[in-house]
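Written below as structure tokens is the structure these notes are about.
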Number of protein chains: 2
Amino acid sequence: MTRVLVVDDEPQIRRALSTNLRARGYDVELAESGEEALQLVVDRHPDVVVLDLGLPGVDGLEVVRSLRTWSRVPIVVLSVREAERDKVAALDAGADDYVTKPFGMSELLARLRAAVRRSAPAVDEPVVDTADFCVDLAAKQVRRHTPDGDVEVHLTPTEWSLLELLARRRGRLVSQADLLLEVWGPANERSSDHLRVHMAAIRRKLEPDPSRPRWLVTEPGMGYRFV
Amino acid sequence: MTRVLVVDDEPQIRRALSTNLRARGYDVELAESGEEALQLVVDRHPDVVVLDLGLPGVDGLEVVRSLRTWSRVPIVVLSVREAERDKVAALDAGADDYVTKPFGMSELLARLRAAVRRSAPAVDEPVVDTADFCVDLAAKQVRRHTPDGDVEVHLTPTEWSLLELLARRRGRLVSQADLLLEVWGPANERSSDHLRVHMAAIRRKLEPDPSRPRWLVTEPGMGYRFV
DNA sequence: GACAGTCTTCACGACTTCTTGACGGCGCTG
DNA sequence: CAGCGCCGTCAAGAAGTCGTGAAGACTGTC
């Protein structure tokens, strides 16, 4: 669920935004001041901040600048000021968008979606690490731990596909049908001969004792499991 | 230098934008139609697109959608339409910002800066250095280390695109599909012949022993990797 | 129109990867 | 204990991929 931090000192705006956003499935945090906003960004890690420029106390612009010293969270600025130099100042301070009040709710929501969408796709692919080797799913790379440090292990495309699938579902049993389907595609009613050959190749490269697999376990008659 | 693609059918707007942007040090490309715009994104890889919605021929919204099927280049939409539903449609189609005409030039420039800043990869290091050569991503320049000091190496546009993509994702495997998409655009179901030829050219210019690549490694059947 | 630079296309040999079939080990069942 | 199914291993040939050089197409400049 997307978390939005709404920063505004006017209660009715907070209420209006909060209601609208919650109705659309957002998780909403509210702040009334710049200080509170900065604290909540630290505590709750919102996915996007809606920030009124006209705050009492710390100026909204200062909030933007403070945030930008350490965070890249998208900031959509709200303001009654229409002057170009205000917009320029806010945007150059690090804001992502600038909406002047009064604003249409649907436009604001669309701009929020755009801001979140842009920053979202930072999908961090995990690195699966074992005592013997380490599978980096993002880099498509496998390193084997040795006394002299890590050594890169070269896998062929088929071997990588198999290992990747097992690593993504580590702990779970993956049936032979699933493996054949994902690696060789739907058309093939291939035999599981392939599976055996390629699994053996992976084990030879990664397992300390390939004939006694410790990580890539066979479940006879069912499939394979990465533990 | 930041490259901006301006898409508008009105000559005076093109001229105004082009003049203002060039005066501020932008590299400006101009397009009068949606088709031309799509082609120029493929050919010139702009860092940001300014797109008028009211184009003859292909609708501006369609241009946004087409681009978003394969590219993440920031798009700032210009439009005379002020209705919220137009803004929502454009933003949800994948635009990054929406500015209504008539617009203030300084505001547009600030929004462009914001769009470019956001998309700027979180490059911790805009210069990638190896023992043999040095890739300056900001300056789009490659220098080769020699006993007599550094020598600038000239790369063709295609070669640079390839090297840049690999350098930005250094350490990670980049699939042939990704490389073809980013360098040659979406329309082309090109063969990987191109890839092989241009990679060979880059290696000839940068690798100490081009037939035994040390930095630009081939992962057979999968892609290439900059280590 | 010649020219230089670039991109595309193609064919070939070298190399890597995949498939296929055979063989033996293991555990289970009748 | 023999038969059966399933699995791991091996090796050889088939299939595919990569690097390379060279020729032609295309572009913009002089």
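Below, read A as the first sequence line, B as the second, and so on, with proteins coming before strands; counting in each chain starts at 1. Just so it is clear, the model here is predicted, and its values are computed rather than measured.
Annotation: proximity of residues 196-227 of chain B to DNA chain C (heavy atom, distance under 4.0 Å) is found for B:R196, B:V197, B:H198, B:P220, numbered in ascending order. For the segment residues 155-166 of chain B, the set of residues with a heavy atom within less than 4.0 Å of an atom of DNA chain C comprises B:T156, B:P157, B:T158, in numerical order.
Other residues, nucleotides and ligands contribute over 12 non-hydrogen atoms within 6.0 Å of the CD atom of B:E10.
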Let me see the working for A:Y26 and A:V48 under side-chain contact (heavy atoms from CB on, under 4.5 Å), right down to the final yes or no. CA-CA 11 Å; A:Y26 289 92; A:V48 58; 5.7 Å; no
For B:H45 and B:W160: C-alpha separation, side-chain torsions, deciding distance, then whether ring pair (Phe, Tyr, Trp, His ring centres under 6.0 Å) applies. CA-CA 12 Å; B:H45 295 104; B:W160 173 258; over 10 Å; no
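Following rounding to the nearest Å, A:L179 (CG) and D:dC6 (P) show an atom-to-atom distance of 16 Å. Rounded to an integer number of Å, the gap from B:D43 CG to C:dT6 C1' is 14 Å. Atom pair B:H154:NE2 and C:dG5:P shows a separation of 9 Å (rounding to whole Å applied). The NE2-P distance, from B:H194 to C:dC7, rounds to 11 Å in whole Å. In this structure, A:L195 places its CG atom 9 Å from P of D:dG8, rounding to the nearest Å. If you take CD of A:Q176 and P of D:dC6, they are 9 Å apart, rounded to a whole angstrom. The distance between atom CG of A:L180 and atom P of C:dT19, rounded to the nearest whole Å, is 10 Å. B:W184 has its CH2 atom 9 Å from the P atom of C:dC7, to the nearest Å.
With respect to the salt-bridge test (charged N to carboxylate O, under 4.0 angstrom), the residues A:K140 and B:E219 do not qualify. Using a 4.0 Å cut-off between a side-chain N of Lys or Arg and a carboxylate O of Asp or Glu, A:D178 and A:R169 qualify as a salt bridge. Taking 4.0 Å as the cut-off between side-chain N and carboxylate O, B:R65 and B:E62 count as a salt-bridged pair. Under a 4.0 Å N-O distance rule, the pair A:R118/A:D97 does not qualify as a salt bridge.
Aromatic ring pairs are classed by plane angle as parallel below 30°, tilted from 30° to 60° and perpendicular above 60°; the pair A:W215 and A:F133 is perpendicular.
Taking a pair as Watson-Crick or G-U wobble with both distances under 3.5 Å, DNA chain D forms stems of 3 or more consecutive pairs at C:1-30 with D:1-30.
Under the 3.5 Å distance criterion, with hydrogens and angles disregarded, no donor-acceptor pair is assigned to the side chains of B:T130 and B:R170. With 3.5 Å as the limit, one finds a donor-acceptor pair spanning the side chains of A:H145 and A:D150.
Among the candidates B:R72, B:R68, B:R111, the single residue satisfying the salt bridge (charged side-chain N to carboxylate O under 4.0 Å, His left out) test with B:D96 is B:R68.
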